[in-house]
**Student:** 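Please read through the structure below; I'll follow up with questions.
In each ligand, atom 1 is the first atom listed, and ligand 1 is the first ligand listed. This chain uses plain numbering: 1 for the first residue, then up along the sequence. This is a predicted model, so every value here is computed, not measured.
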Amino acid sequence: MRVVVLHDGNDLAEWRTHARALLADGLLPSDVQWQVGEIAGLLPADASPADDKPAVKTGTVPREFLSLADTVLAHADARRHAVLYRLLWRMTHGERHVLGIASDDDVAWCEQAAKAVRRDMHKMKAFVRFREVKQLEGSVFIAWFEPSHAILSRVAPFFVRRFAGMHWSILTPARSVHWDGQTLTFGAGAQKGDAPNEDALEALWLTYFANVFNPARLKVQAMKNEMPVRYWKNLPEAVLIPGLIRDATARMDAMVQSAPTTPKKHIPAPVERIAMSLPDGSIDALRRQAQQCRACPLWEPATQTVFGEGRDDARVMVIGEQPGDQEDLAGRPFVGPAGQLFDRALAQAGIARDALYITNTVKHFKFEPRGKRRLHARANAQEQAACRPWLLAEIERVAPKAIVCLGAMAAQAIFGRSFRLLEQRGQWIDLDDGTRAFATVHPSYLLRLPDERARHEATAHFVRDLSMLCEVMT
Ligand code: URA
């Protein structure tokens, strides 16, 4: 009997090195015992099989097997190393095509294990909830999650893509992962108490969840399948679920009895798609040409044109008003305080900034110098009109399915001057070309609210508005 002790029971490279050496020595699967961890007396200092042996050629195994093994090794079942070695042995001893036999016991076991790992990854992507921890250098978002399998390193890249601009950590019992905006690092495991458990974000999320819950669509079993009860304890919204389920019948009766809502009035879009001759070419070509724009006097004192950024095939376009001081210096929209608030609200609504195209109605910073400071000044009607061809060109090239206007200036650029933000906020309006659009408040309005409670509520409302975009994101 050969005892193999793995340092990391989830690592394909390490398992593969041992498996190759065992094959080369002709070790039958029944003669191998697999263990994980440094168990005293079992792991000699030079235990790594490849260290002192010449590389042994054991023939190639299908790429499909390596990919399956990579996923199966993340499973928590202690039998995984042995089952994989048995499969490898069989593939290299006359059963090369065994992977194609779905009814084979070893193959079926591995497929089940791989499926469980993939499902666990899906659940982690869906159920991780970050909580904000304010620090002197800015906010850090921390989440606690208890995966069933060793999936952290597999799922971490998803969170990097999704929350690239935030600093976050995900803590699990076995390991933790941290993103500082640039580097991903893995550390030791943690305890649930290491993650904060309540804050403002949680209140916002609860409000959002209660608002999007549709009693007419309640299917308790489906809900439990999709959101298994074992995850509920870490989900802030789970405290609402029993109450929402209890009240669902009454709420649905009320929905049935209430008067039908009148269809929303169609407001023809005044956005004249191509009013003036537009620069040709891609968004990048437009961006380069806009750097030379002299259509109004704002270009002169400004540092640069702040053109839109993001995916040129985005399903959603966000239109703000005009760049501020920091946007002017960085040459990018929404990177200053309003942009940071916007990023947090997007994250709370579950929307990735990098899936959007973000631009402004006016592309230059307008300001009045006060000593060393540059005070924001609102672009007037002529300046807005001068910038209009660029905005129209961006809409035409990106061809988004939906547009969200942040603030009255953007709303009036899209819906016309009669648009009233206070009355029509958060209502989908069909534009003439089939694009859907709605307007909400500008994040700088939220920053200006003096009363903390009012700001909190207004921010929750803003997050709810942004959540309307989820339906068009996929
Ligand atoms: N406000 C805006 O409308 N746009 C920006 O890019 C920044 C602040």
**Student:** Please work out which of H376, E321, Q322 has its closest non-hydrogen atom nearest to atom 8 (C) of ligand 1.
**Tutor:** Q322

**Student:** Between F307 and R287, is there a cation-pi geometry (under 6.0 Å to ring centre, at most 45° from the normal)?
**Tutor:** no

**Student:** Verify the ring-centre separation between F462 and Y445: is it less than 6.0 angstrom?
**Tutor:** no

**Student:** Mark up the atoms of ligand 1 that fall under 4.0 Å of a heavy atom belonging to P333, in ascending order.
**Tutor:** 6 (O)

**Student:** State the atoms of ligand 1, each with its element, that fall below the 4.0 Å cut-off from a heavy-atom position in G320.
**Tutor:** 3 (O)

**Student:** Looking at T359, L431, I414, which hits side-chain contact (heavy atoms from CB on, under 4.5 Å) with I395?
**Tutor:** I414

**Student:** Name the closest protein heavy atom to atom 4 (N) of ligand 1, giving the residue it belongs to and the distance to 0.1 Å.
**Tutor:** N360 OD1, 2.7 Å

**Student:** Purely on distance, is any nitrogen or oxygen of P323 under 3.5 Å from one on ligand 1?
**Tutor:** no

**Student:** Can the ring centroids of H442 and F334 be said to lie less than 6.0 angstrom from one another?
**Tutor:** yes

**Student:** Answer with yes or no whether H442 contacts ligand 1, where contact means a heavy atom under 4.0 Å from a ligand atom.
**Tutor:** yes

**Student:** Exactly one of V160, V140, T185, I170 should register a side-chain contact (heavy atoms from CB on, under 4.5 Å) with W179. Which one does?
**Tutor:** V160

